[in-house]
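Take a look at the structure below.
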Amino acid sequence: MAVREEEADVVIVGGGPSGLAAATELRRLGAGRVIILDRDRQAGGIPRHCGHYPFGMREFHQMLRGPDYARRLAEQAQQAGVEIRTLCTVVKLHPGGLVEMTTPEGLARLRGKAVLLATGVRETSRAGRMIGGEKPGGILPTGALQGMVYLNGRRPFRRPVILGSELVSFSALLTCRHAGIRPLAMIEAGPRPVAYAPSRLLAMAMGVPFHANTRVEAILGRHRVEQVSLSGPKGTRVIETDGVIVTGGFRPEASLLTASHMDTDPRSGGPAIDQYGRLSDPAYFASGNVLRGVETAGWSWAEGKQVAHSIVASLDGKLAPREEALTIAIEGAIEGAPESAHDGDALKLVLPQVLVCGYRVMAAHRHLQLRLNRPARGRLILKQAGKVLTEKRIASRPERRILLALPEVFSVEDGELRLLFDEE
Amino acid sequence: MSDAGQESFDVAIVGAGVVGCALARQFTLDGARVAILEKAADVLDGASKGNSAILHTGFDAPEGSLEVQCMREGYRLYLEIHERLGLPLIRSGALVLAWNEAQQAELPGLIERAHANGVSNVGPLTRQEILDLEPHLSQGVTGGFRVPGEYLIDPWSAAHAYLLQAIENGARLYRGSEVLSGSRSGGRWHLETSSGRLSASLVINAAGLFGDIVDKRITGESWFTIRPRKGQFVVYDKPASALAGHILLPVPTKTTKGIVVCRTAFGNLLVGPTAEEQEDREHALLDTETMTALAAKAEEILPELRHHQVNAIYAGLRPATEEKDYRIRTDLAEDYICVGGIRSTGLSAALGIAAHVARLAARKDTPLESPVWPKMPMISEYGKRDWCEPGNGGIVCLCEMVTRREIDNALIGPLAACSMGGLKRRTRVTMGRCQGFYCSAELARITYGRLAEPMLAGDD
Ligand SMILES: Cc1cc2nc3c(=O)[nH]c(=O)nc-3n(C[C@H](O)[C@H](O)[C@H](O)COP(=O)(O)OP(=O)(O)OC[C@H]3O[C@@H](n4cnc5c(N)ncnc54)[C@H](O)[C@@H]3O)c2cc1C
Ligand SMILES: Cc1cc2nc3c(=O)[nH]c(=O)nc-3n(C[C@H](O)[C@H](O)[C@H](O)COP(=O)(O)OP(=O)(O)OC[C@H]3O[C@@H](n4cnc5c(N)ncnc54)[C@H](O)[C@@H]3O)c2cc1C
């Protein structure tokens with residue numbers, strides 16, 4: 001059977017807030033045929049599954065629930081003339097902007113002059129965390145819990161424990177409240193909640209005890225979860241429970257990329273981009289959560305909107321060639337030991353990973369975005385040939401967004417860019 | 001099965017692990033009326049639930065053992081029938097690798113044993129030859145040899161295919177039917193099960209991890225004791241499979257084949273198993289420390305693995321006994337065969353074991369003239385999958401690319417899945433990197449009211 005092949009000006013893989021924002025903006029900027037491919041039944045991405053607030057402050061200046069927010073973004077894109085194709089799962093990225101996908105009708109190919117990857121994130125599963133014990137039913141990531149509660153209107157368990165204390169963990173708590181599920185405990189391996197302090201009030205208000213410095217040793221039960229055994233400051237103990245919600249530990253949904261010809265960043269697990277959001281194959285761009293662990297929907301939306309400008313400039317041949325990019329080397333990083341909290345290198349994320357010389361005006365990213373994997377303070381310095389290009393003093397908890405303005409100018413001839421985190 | 005003594009068969013097989021499934025196929029094709037009794041809600045719920053999925057040649061098995069004989073025959077038979085049944089075969093070959101002088105010294109003996117076991121195309125390789133074959137391998141390797149015939153298969157589809165062929169040619173499968181006791185009268189066996197009674201002229205015990213218990217329940221005694229041996233595994237996400245073409249085997253020790261690193265038929269990279277003795281026959285607990293050590297071991301062998309993610313973990317139990325060899329015996333009682341202790345090679349040997357047991361039984365049935373050959377859905381990453389075909393209903397599980405049509409098909413027919421585990425083994429749904437982040441909700445919707453062991457219990 002011959003595989004269908006079509007063409008478009010811009011192909012967008014993933015119709016979440018970032019992909020939708022980029023598509024809408026591209027049309028406003030006069031791009032021709034813009035097609036969004038999404039594997040889900042409807043466009044909208046993760047917010048579609050989040051039946052809670054707050055979404056939309058940045059975009060619509062009002063507080064919306066996830067599904068309403070997702071619908072509005074999708075409507076905007078449609079009105080702007082974007083073609084949205086759902087139930088299309090992209091399976092392969094070929095050099096030069098040719099994407100291969102599967103649809104209910106079988107395989108198809110779509111060639112874009114530019115392709116934007118906006119495939120979002122997923123949570124690190126129980127398996128990814130290598131939590132011991134058995135494999136009974138009732139162990140769910142937040143994504144699955146939300147789907148069951150908000151999309152199916154069902155309750156997968158009644159008295160679960162929640163692992164993790166990132167923002168999404170509190171989203172899981174809200175979801176439980178909505179469904180009449182009463183979590184027994186929130187369990188965090190670190191000394192305090194990862195999310196901003198006020199979120200902890202939610203747990204208190206719901207009467208859910210917070211266990212810091214605690215690990216799950218094992219999940220037990222043959223068919224359904226029956227117990228979890230915890231080890232914490234007070235030793236080991238067993239809680240009788242009927243479910244485990246495994247939250248957070250976000251990773252870019254970048255399997256397409258890892259299997260492709262393009263460079264990935266071992267630190268973020270996502271693509272290695274330049275300040276235009278461009279990948280090592282310059283036909284490809286990326287924006288939104290696929291670049292990192294997790295950001296808010298508003299941030300991902302804004303990034304999509306900005307990358308649209310870079311894409312248009314690229315189609316007009318106005319961007320400096322990607323081949324001339326300089327990699328940002330991280331001083332003190334231990335080769336081959338990315339993203340581990342124990343190797344002394346506190347930087348979990350540094351984005352973009354490479355810079356080209358060019359017009360900063362068209363850049364989707366005007367800042368280096370950074371994150372730490374543990375609390376730390378000190379000076380961040382971007383240097384070239386011994387010269388300080390930009391610097392900033394920071395004191396940050398893990399998983400917080402840190403921004404460092406990118407330099408106005410630097411030259412390729414001066415060689416390697418070095419980022420130094422001088423910890424105090 | 002409900003009316004006492006109503007159902008009567010030529011052969012009753014206790015246990016639907018891979019061995020029971022192969023036995024059911026053999027006796028059915030030979031012309032017998034076969035019943036297969038499985039205590040779990042679905043088949044393959046015992047030792048056959050989790051293994052390394054290697055089709056072994058038997059190159060390193062003890063010379064002259066029954067095990068090596070069954071493996072050789074089972075291997076040959078699998079190659080003969082896999083295409084007709086639509087079963088995958090990944091012709092990876094294996095490398096046995098030495099990492100120090102002591103191991104290096106063992107290699108000639110191992111090669112000799114391979115030759116003695118009839119695996120002749122095995123010869124030594126230099127360190128450089130190995131690194132040329134496997135460029136991602138750690139430089140620390142000192143030498144080894146290649147066993148071209150070691151292959152990878154789909155451990156579940158194979159067993160399902162054997163059983164399905166039995167059923168489509170007349171065998172009866174009873175799930176949720178635990179054999180509780182047996183008695184003899186009128187020259188026949190009468191088996192009492194948790195779901196009713198039946199009678200058979202020949203009973204075969206293929207109860208795997210419960211082999212000794214079933215022996216006792218039926219014949220009143222057992223001649224061996226099961227000593228469960230746990231094997232834990234860590235599975236890396238699909239991109240890691242590019243790091244190893246061959247099955248990477250260590251030099252085996254007296255007690256274990258050691259930690260293997262290999263691809264899976266589903267396109268992942270697997271590391272394991274451990275070999276841990278335990279009493280418990282049912283619960284195979286994973287522990288973080290062991291899994292971390294496995295991952296560290298794998299990263300020693302393939303240093304680039306540290307950039308890859310673990311996306312699944314599991315543990316299996318081997319039905320080991322106090323002896324190494326298979327425990328197959330016909331003289332415990334009249335018309336009774338015990339097929340026990342199929343410890344760590346049963347997937348490879350199953351068809352050979354079945355042929356061997358049929359010869360022991362020496363029944364005079366008339367073989368089926370033109371048996372039905374079912375074709376299994378192809379769920380191997382290396383075969384042509386349903387998502388490439390029109391009319392697939394769309395993808396439900398995005399990581400494993402499982403289509404709606406594949407799920408619907410797995411929920412119907414004579415071997416329909418009746419537990420979540422069974423559905424996973426038939427389709428791979430939720431077994432990928434997100435472990436259900438995206439698809440659990442939809443899956444719950446699709447399977448609602450259709451599984452004997454439902455996916456969700458909070459509402460019920
Ligand atoms: C449980 C939870 C609660 C949250 N709550 C809030 C909140 O209250 N407020 C807030 O601001 N933010 C919240 N967030 C964060 C917010 O959802 C994300 O920042 C935002 O969705 C990111 O947008 P995105 O477009 O980058 O990715 P996503 O929204 O993840 O969209 C990615 C899209 O890509 C599609 N896709 C992926 N792979 C493929 C492929 N191969 N082929 C085709 N399509 C593909 C997916 O189907 C999906 O539609 C929450 C996140 C989670 C997980
Ligand atoms: C870690 C590990 C790795 C392995 N790797 C490989 C490999 O790479 N290659 C290979 O060839 N082999 C491998 N094996 C070996 C292989 O998996 C086993 O030899 C095989 O699964 C044994 O199958 P079985 O049918 O004998 O037992 P089981 O699969 O245990 O089947 C017995 C069945 O009997 C049922 N049963 C028990 N009692 C009763 C009762 N009273 N009434 C009714 N039903 C009952 C059980 O529920 C079960 O389903 C491995 C095994 C393990 C554990």
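Lettering follows sequence order; numbering is per chain, from 1.
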Contact part of [X] toward chain A, heavy-atom cut-off under 4.5 Å: side chain, backbone, both or neither?
X      : answer
B:R405 : neither
B:N392 : both
B:M291 : both
B:V235 : neither

If I measure from the heavy atoms of chain B, does [X] come under 4.5 Å with its side chain, its backbone, both, or neither?
X      : result
A:E217 : backbone
A:I181 : neither
A:L220 : side chain
A:T89  : side chain
A:V91  : side chain
A:V121 : backbone

Exercise. Would you check, one step at a time, whether the test side chain to side chain contact (heavy atoms under 4.5 Å, CB included) holds for A:H223 with B:M420?
Key: CA-CA 10 Å; A:H223 298 295; B:M420 229 356 246; over 6 Å; no

Between [options], which residue shows the highest count of heavy-atom pairs closer than 4.5 Å to chain A?
options                        : result
B:C439, B:A284, B:C399, B:G394 : B:G394
B:G391, B:A315, B:A242         : B:G391
B:N311, B:L398, B:I395, B:D287 : B:L398

Distance check, rounded to the nearest 0.5 Å: [X] atom [atom1] versus [Y] atom [atom2]?
X      : Y      : atom1 : atom2 : result
B:L286 : A:I131 : CG    : CD1   : 11.0 Å
A:D265 : B:H307 : CG    : NE2   : 10.5 Å
B:R445 : A:M148 : CZ    : CE    : 10.0 Å
A:D40  : B:E442 : CG    : CD    : 8.0 Å
A:M130 : B:T288 : CE    : OG1   : 8.5 Å
A:K135 : B:I313 : NZ    : CD1   : 6.5 Å

For the student: nearest non-hydrogen atoms of [X] and [Y], plus distance:
X      : Y      : answer
B:S440 : A:L140 : OG-CD2, 4.4 Å
B:W387 : A:T102 : O-OG1, 2.6 Å
B:A312 : A:A127 : CA-CB, 3.5 Å

Practice problem: Pull out the residues in residues 274-282 of chain B that come under 4.5 Å of chain A, heavy atom to heavy atom, sorted by number. | Solution: B:E282

Quiz item: For chain A, which residues of residues 41-49 of chain B have at least one non-hydrogen atom nearer than 4.5 Å to it?
Solution: B:D45, B:K49

Quiz item: Which of the residues A:R215, A:R159, A:R41 is involved in the greatest number of heavy-atom pairs with chain B at under 4.5 angstrom?
Solution: A:R41

Quiz item: Between A:S255 and B:K238, does a side chain to side chain contact (heavy atoms under 4.5 Å, CB included) hold up when you go through it step by step?
Solution: CA-CA 8 Å; A:S255 48; B:K238 295 181 198 285; over 6 Å; no

